[in-house]
Structure formats: structure tokens, C-alpha cells
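Each chain gets a letter, A, B and so on, in the order its sequence line appears, and its residues count up from 1. These values consider heavy atoms only, across backbone and side chains, with no hydrogens, waters or symmetry-generated copies.
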Amino acid sequence: MNKPLLNTIVNPLLSWYYSSARVLPWRDNPTPYRVWVSEIMLQQTRVDTVLPYFERFVAALPDIASLAQADEQQLLKLWEGLGYYSRVKNMQKAALTVMKLYNGKLPASFEALKELPGIGAYSAGAISSIAFGLRFPAVDGNVLRVISRITASADDITDIPVKKRIEQQVTEILPTEAVGDFNQSLMELGATVCLPNGAPRCDICPLKHLCLGFEHGIAAELPVKTVKAAKRAEAKTVLVMVCGDKLGVTKRKKTGLLAGMWELPNIDGALSMEECITVVKDMGLSVNEIQPLTEAKHIFTHIMWNMMGYLLQVNEARNDSITWVSPKDLKERMALPTAFKAYIRHYYAYLNSNTGR
DNA sequence: AATACGGGGGG
DNA sequence: CCCCCAGTATT
């Protein structure tokens, strides 16, 4: 029913895209591998954040074969700070499948791509259209917002059927030529002009003359989304344990939050200095000095960590659970989540204050 | 249909 | 603070 309206956006949008699109490294040389890597990195992540990660990743792992055989810690290190770490593990699983089933080349098939771990409807459509020129839609948050505004739709875009309907609407207007460019033009408009949070730049929009949301003065009110659940708060006590110039780290379990990454040893709850000393002694370590550190907060999508920390100088002892690492190894090898950044800083500050003596 | 899963940028 | 982001997998 909106097809006549939506059909009219195709040519203006493509023209605008060819004159105004940002220059991005994965657009320069859109091999299937580079498009794949970029699309996975861009899941729930802004372009500016991705740029340095993308260049470093494809330089270290230039093809699917090298990704397939990479060490997991190397993968996590390349992804360190980018978040949603299962993305890179799923990419490696997919790379192994591609080596086995498709002779090391990504299949030029929407259905086959969507079967691969980490590739859902959006990413399969993006790779299909951008890397292979196949006529499939790539409907991300940008596109849901742009289409909602153009059609003045107040439907809740968190609703699965609504999302399916918009995918269908976009499918109907996909051009036969330059389908990848068209999909990107919709996203590009959403990312640079049809901005979220009630801040669309209708003044500079190439589609304002045909946008129903603009015509009715409700573009800023759209799209409609249901609110998400509140995040829970957790108290943590983080240990910055130093032995000589080495730092004590532990590895997180294989599943769940920050799976498989290294971290500073930490205990649930806010421990007093005395409780902290007891815990560390129970780990088989002897404490020479202890000093409370500043509090820190880290906010995940669904959890908030309220952290207290202690700097401890300890003697090395028989202990299976702690790994002692040099500053160099910490920097070059260990993948640490951003949540511990505040306390890692205390470790480096400690090293600096010691070299002065 | 709801929840788990990171982190950062901008109002 | 709150919102949202070139989403996917699991329950």
C-alpha cells in the first residue's frame, strides 16, 4: 500500500548517496570478506568506533583462511574494547564452516549466509546485496527509523511483525541495479541525516518533499519503540594485585558475560579492607601492603557494576588461579574488557611511582 | 516475546 | 542520566 510512495524515494536517495556518501574503507574495496568483517563489527556499533578496529583486523587476518586458524586470544585482543565479543568467536566458527563447505569463499546466497553463526537477517541481506549484488533488503535500526518517518508510521519497531513488514516494503522497491548502494543509501541517510533521538535534519534531507512524517510535523516523534527493562546494579570489589612489577589476572569462564576474556580478580559485593585481606590470604598469597582505590562504575546494556578496588602488594605463592603478567604482556597479549580500565590505570600508576625510587 | 550480550557518543 | 547505535542467539 505504501509502494507508490516508497518507490519515489529510490532515485533521489541513490543520487544523494552518490554525491554525499562517506568514504569508508570497506566501500573502497568491497570484497566479500571485507564486507563481512565490516558488517559484523557494525552490529550495534557506530562507524567511527569501528574504523580503527577494521583496519587493524583485516591487516592481521587478511582472509578467511587466516581467520579460521587464528588463536582465540588473538581474536579477542583484536576485538578488545569493541564489545559483544561473541561476534568474533562466531566469525571464526563461520570461517571454519566456509573453509569446509564452500572452499574458503563466502557463498553468494542469502540463505547460506544466514545459516552461518553471527549472520542474521540484516547481515545476510547486507552481505548479499553489497558484496554479491543480490536483491535482498538490509533492514537495520537506521532503515526502520527512515521508513517509519517517510510513511508516518507509529507502529512499534521493536515488534517482530512490524520489522518483517518493513523488510517486505523495502524488498518491493529494491532496484535491480545497484541494490547494495541502495541499501547503503537508506542506512547512510539514517546515520547522517534522519538522526535518532528526535533530532532529524529535515532541513538538509533529500527526501523531505515526499516524507509524510515531515509533512505531518511528526518526524521527530518517530519511530515508536517500547521501553526496555531496567538494568540491575551489582557491587564488585576489584583486586589490583602486584607482585614485583607483575600484575595478577584471571580468565573468565567460557560462557556468559565477557566470556573467555582476562580480568582483574574480583569478588561480588563491597568488601572492607579486612575482608579483602582475608580473601587474598585464602587464595594462598601473603599481603605486604594494601591500599584502597577510588570507586568506579561501569555500565553494560543490562547490568551496572559499582566497583570498589584495592591495590595489594603480595608475595608470590603456590597458586593455580592467578596468572602473573608483565606490563608488556598485558598490553600486547591479554584481552581485557573496558570495565577494568579504571583499575588497570592504578597498576600503571603504581609502576611509575616505583621506578622513581 | 523477552532477555543476554559491550561500549561509547551525544543530548 | 538517558537514548541509541549498519543485531544475533537463546530461551
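A:Leu186 comes within 4.0 angstrom of no nucleic acid atom, judged by non-hydrogen atoms across all strands. Nucleic acid contact class of A:Arg22 (heavy atoms, under 4.0 Å, all strands): base.
Screening residues 263-275 of chain A for salt bridge (Lys or Arg N to Asp or Glu O under 4.0 Å), with sequence neighbours left out, gives A:Lys236-A:Asp268, A:Arg252-A:Glu263. Residue pairs meeting the salt bridge (Lys or Arg N to Asp or Glu O under 4.0 Å) criterion with at least one member in residues 15-41 of chain A, sequence neighbours excluded, are A:Arg22-A:Glu188, A:Arg27-A:Glu188. Among pairs with a residue in residues 277-299 of chain A, none fulfils salt bridge (Lys or Arg N to Asp or Glu O under 4.0 Å), at least two apart in sequence or across chains.
For the C1' atoms, the distance from C:dC4 to B:dG6 is 13 Å, rounded to whole Å. Nucleotides B:dG9 and C:dT8 place their P atoms 23 Å apart, quoted to the nearest Å. Only the C1' atoms considered, B:dG8 is 23 Å distant from C:dA9, to the nearest whole Å.
Between A:Ile303 and A:Glu234 the shortest heavy-atom distance is CG2-CD, 3.7 Å. Of all heavy-atom pairs between A:Leu351 and A:Pro327, the closest is CD1-CG, 3.4 Å. A:Pro223 approaches A:Ile157 most closely through the heavy-atom pair CG-CD1, 3.6 Å.
Around atom CZ of A:Arg333, no more than 12 heavy atoms belonging to other residues, nucleotides or ligands sit under 6.0 Å away. Applying the 6.0 Å contact sphere to CD of A:Glu115 captures no more than 12 heavy atoms from other residues, nucleotides or ligands.
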One pair to check against side-chain contact (heavy atoms from CB on, under 4.5 Å): A:Leu271 and A:Met308. What are the steps and the verdict? CA-CA 8 Å; A:Leu271 271 58; A:Met308 175 57 198; over 6 Å; no
Under the side-chain hydrogen bond (donor to acceptor under 3.5 Å, both in side chains) criterion, do A:Tyr350 and A:Gln313 qualify, and how do the steps go? CA-CA 10 Å; A:Tyr350 168 83; A:Gln313 291 169 254; 3.2 Å; yes
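One finds a side-chain N or O of A:Arg145 lying less than 4.0 angstrom from the OP1 or OP2 phosphate oxygen of C:dC5.
Rounded to an integer number of Å, the gap from A:Met91 CE to C:dA9 P is 13 Å. To the nearest angstrom, P of C:dA6 lies 12 Å from CG of A:Leu51. Residue A:Asp156 contributes atom CG, which lies 13 Å from atom C1' of B:dA2 at whole-angstrom precision. Between the C1' atom of C:dA9 and the CG atom of A:Asn90 lies a distance of 8 Å, rounded to the nearest Å. Atoms CD1 (A:Ile160) and C1' (C:dT11) sit 14 Å apart, rounded to a whole Å. If you take NZ of A:Lys225 and C1' of B:dA1, they are 16 Å apart, rounded to a whole angstrom.
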Determine, for nucleotides 3-11 of chain B in 5'-to-3' order, which nucleotides have protein heavy atoms under 4.0 Å from the base (write B), from only the sugar-phosphate (write S), or from neither (write -). -SBBBB---
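Only A:Leu116, A:Pro117, A:Gly118, A:Ile119, A:Gly120, A:Ala121, A:Tyr122, A:Ser123, listed by number, bring a heavy atom of residues 112-129 of chain A to less than 4.0 angstrom from any atom of DNA chain C.
Inspection of the A:Thr45 and A:Arg87 side chains reveals an N or O donor paired with an N or O acceptor under 3.5 Å.
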Let's test your reading of the pairing rules: Watson-Crick or G-U wobble, both distances under 3.5 Å, then write DNA chain B as a dot-bracket string with ( ), [ ], | and dots. |||||.|||||
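Residues A:Glu111 and A:Lys114 are not paired through a salt bridge, judged by the lack of any N-O separation under 4.0 Å between the basic side chain and the carboxylate.
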